[in-house]
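Ligands are counted one by one from 1 in listed order, and the atoms in each one are counted from 1 as well. Values in this document were obtained by computation on a predicted structure and should not be read as measured data. Residues take their numbers from the sequence shown, with the count starting at 1.
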Amino acid sequence: MIYSRPFEKQIRNGFVKYFILASQIIWNKKNTYIMFDLELIKKNYQSLSERIAKINKHLNKPLTLSEKILYAHLHQDQPLLDFKRGADYVDFAPDRVAMQDATAQMALLQFMNSGKSKTAVPSTVHCDHLIQASKNGLADLNDAIKINKEVYDFLESVSNKYGIGFWKPGAGIIHQVVLENYAFPGGMMVGTDSHTVNAGGLGMVAIGVGGADAVDVMAGMAWELKFPKLIGIKLTGKLSGWTAPKDIILKVAGILTVKGGTGAIIEYFGEGAQSLSCTGKGTICNMGAEVGATTSTFGYDESMERYLRATGRAEVADLANKVKEHLTADPEVYANPELYFDQVIEINLNELEPYINGPFTPDRATPISKMAEVAKENGWPTKIEVGLIGSCTNSSYEDISRAASLAQQAVDKKLKSKAKFTITPGSELVRFTIERDGFIDTFNQIGASVFANACGPCIGQWSRPGAEKGEKNTIIHSFNRNFSKRADGNPNTYAFVASPEIVTAMAIAGDLTFNPLTDYLTNENGEKVKLDIPSGQELPAKGFDVEDAGYQAPAADSSSVFVKVDPNSSRLQLLQPFEAWNGENITGAKLLIKAKGKCTTDHISMAGPWLRYRGHLDHISNNMLIGAINAFNDQPNKVKSQLTGEYGEVPAVQRAYKAAGIATVVVGDQNYGEGSSREHAAMEPRHLGVKAIIVKSFARIHETNLKKQGMLGLTFANEADYDKIQEDDTFNFIDLKEFAPGKQLTLEIVHADQTKDTIMLNHTYNLQQIDWFKAGSALDLIRKQIT
Ligand code: MIC
Ligand code: SF4
């Protein structure tokens, strides 16, 4: 089945045009692959030995892979120094940028204001987040194309205008498409999605960022990052039986927790690392986002070479082989990791059990042998309603083939899947190939639904029948995140994360207490049967295949391309500059909300139905903090207005403060802004007049997003001061005029009874970031510099 898309004709024309015009593009069999960026990669590898020699000369010590990639990508104006990890801000020049449709809108609206006529580095847009999973892949895709036409047309025309590659709806999920087409060992990229880190599976340093950061790179400016700390994870032994690469990262999440990787790159090594497939490595890197890691990576090895060749990039593999000693750490590093990493973790794959993580947080790790006990102790609903496989995390050929081997066993052993079962393939390349190889037929025999190649249920784009009833229920999926309401909008859905093979086995059993390694099931004939160990293939024996991968090259001549934004649109809105700081201390600010416990970007700016407003700042601001739990009444979206004394919804209360010209403050707990890269979570409070976010700690991307958008993102110098904040508080920043790097800010808190507390706040702003605050936002500063 080939999706027929309205864009089809245009694309075919595009193909022909591109073939003639772009000599660096090489077609091979059946137009299946386009070789992207070959010239860029060649250039990169040609100069690599020289660049590494220069680094060695300066640093004179054995280097980790992460350091080699980072130092080899310093911006031309950045002097080469021995940077202090976790402290120094450093300017980099990444090789490329990727953006997905839900974040690309805001990123490109900002880029349009940067005054550039083309992106400085190769960049791509991927239409994956806006497709709702409802009936089946084809029907859902066609519906999405109609519903999102305005947004897709906008993204397509901006891509054409600025020389950006466009992956149409149905082509697949950004990270899978990047791994198949663009990732290359030793490369560095940024992407407007936290799971950009997936490309570490091919030996990249790939980092998730907000749109404003992507604009820096696309505008050819330096991209700034605090030089990361380095965590080394040594994998010994080899996976076998039911364990999969996913179990490695589920275990790591249990060890590091959702904030243990913050500000660090995780580098995996050891014989166990080499024995994993490239896509398995991708899964591990992908979920590094769930421990807050800046990114994760693996040294170049044969699994990567095999993957490059299988995905039509033999030339890249040949080039990489010639410089392979630079595409991994120096041997001394892996021999004595504790001397070179800030933290070292060792995991023996021979002893690793499958894990199931959840509910509500991806770091609650339970080995499968303990699940029955833990589920009962906690009163989790044990009947599994739905098993979902796929997503950007786990939809490789290997994953699908192993899951399919279990589905086949269910058929052969006369077992019916007790739970519903769904598949969201990661790309058209994978979908086409698994259909050709009969896996989709196998899944269909256990009553599966195959959704479009898109994010779908992973990001609340799931029209799940009955979810609105809010019933307590359990689902299990092979995705990466399981925050409250994320998959179906129901706060009472207990979502668990596992490998695709465990998800499939658990869906067949329909029971969270089932352990496929030891337990038996009863089949239609009343016989006791056991599932055998799953089996699969790393790569398709007959090669990958696809008829239309869904790529559209940008117009060669963009002079006649106009980007249209209807001023009456409900989905797109051109951006207005934010107001510059007036140079005064902020006084008389009111507390908008004191958020309690987990406050992820899903709580701050919910996805699902709200994804439709990602290109319209004012409209999407109506979801600001509606998921955050008010510490004073334990309820979401119910805060006291100090103007009226009444309780109201957070966005409405905030709009009233804005209308009255009163500044406000948001207070939060640990790891505030965990999860997504969506800068809307920073732009919405900025747009609605919140001045400062004061928390116990921040997630990395969100903290940067706040700075970029001209917000004050501050932390309690003494975490216990969080408890001093009361519902009717007023705040005075008494020394903001002296805002300077490394200097604490003083906050006076005036309580309702006029008693006062004075507390100290920390911040991580450097001089440039303070200038962003002063100018209104980073982009407002660029704009000022241009004009
Ligand atoms: C996610 O997995 O949360 C998302 C949706 O992909 C986000 C991006 C977004 O909010 O658009 C992410 O991970 O950055
Ligand atoms: Fe899409 Fe989910 Fe992956 Fe985010 S984590 S890119 S929503 S599939």
Protein N/O/S count near atom 2 (Fe) of ligand 2 (criterion: distance under 2.8 Å):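 If we list every protein N, O or S atom nearer than 2.8 Å to atom 2 (Fe) of ligand 2, we get 1.
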
Under a 4.5 Å cut-off applied to non-hydrogen side-chain atoms, are [X] and [Y] in contact?
{"X": "Ile174", "Y": "Cys392", "value": "no"}
{"X": "Ile131", "Y": "Leu141", "value": "yes"}
{"X": "Ile266", "Y": "Val291", "value": "yes"}

Is the [X] ring parallel, tilted or perpendicular to the [Y] ring (thresholds 30°, 60°)?
{"X": "Phe36", "Y": "Trp167", "value": "tilted"}
{"X": "His702", "Y": "Phe698", "value": "tilted"}
{"X": "Tyr268", "Y": "Phe298", "value": "parallel"}
{"X": "Phe92", "Y": "Trp223", "value": "tilted"}
{"X": "Phe544", "Y": "Tyr397", "value": "perpendicular"}

[X]-ligand 1 polar pair, N/O distance under 3.5 Å:
{"X": "Thr192", "answer": "no"}
{"X": "Arg614", "answer": "yes"}
{"X": "Thr103", "answer": "no"}

Considering only protein heavy atoms, which is closest to [atom], and at what distance to one decimal place?
{"atom": "atom 8 (C) of ligand 1", "result": "Gln100 NE2, 3.1 Å"}
{"atom": "atom 13 (O) of ligand 1", "result": "Ser194 OG, 2.5 Å"}
{"atom": "atom 6 (O) of ligand 1", "result": "Asp193 OD2, 2.6 Å"}

Which atom of Gly675 lies closest to which atom of Arg481, heavy atoms considered: O-NH2, 3.0 Å

Pro362 versus Asn357, closest heavy-atom pair with distance: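 What the structure gives for the nearest pair is O-ND2, 2.8 Å.
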
Short N-O contact, [X] and [Y], less than 4.0 angstrom:
{"X": "Asp399", "Y": "Lys246", "result": "no"}
{"X": "Arg678", "Y": "Asp602", "result": "yes"}
{"X": "Arg700", "Y": "Glu703", "result": "no"}
{"X": "Lys259", "Y": "Glu674", "result": "no"}

For [X], the ligand 1 atoms whose distance to one of its heavy atoms is below 4.0 Å:
{"X": "Ser676", "value": "3 (O), 7 (C), 8 (C), 9 (C), 10 (O), 12 (C), 13 (O), 14 (O)"}
{"X": "Ala102", "value": "11 (O)"}
{"X": "Ser677", "value": "12 (C), 14 (O)"}
{"X": "Arg481", "value": "1 (C), 2 (O), 3 (O), 12 (C), 13 (O)"}
{"X": "His129", "value": "4 (C), 5 (C), 6 (O)"}

Nearest option to atom 2 (O) of ligand 1, as decided by whichever heavy atom of Arg486, Met606, Arg678 sits closest: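 Looking at heavy atoms only, the winner is Arg486.
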
Close approach, Arg486 and ligand 2, non-hydrogen under 4.0 angstrom: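 For ligand 2, residue contact (heavy atoms, under 4.0 Å) with Arg486 is present.
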
Atoms of ligand 2, numbered as shown, that sit under 4.0 Å from any heavy atom of His175: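 Close to His175: 6 (S).
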
Numbered atoms of ligand 2 (with element) below 4.0 Å of Asp193, judged on heavy atoms: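 Listed by number with element: 6 (S).
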
Contact partition for Gln100 relative to ligand 2, non-hydrogen atoms under 4.0 Å: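 Neither part.
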
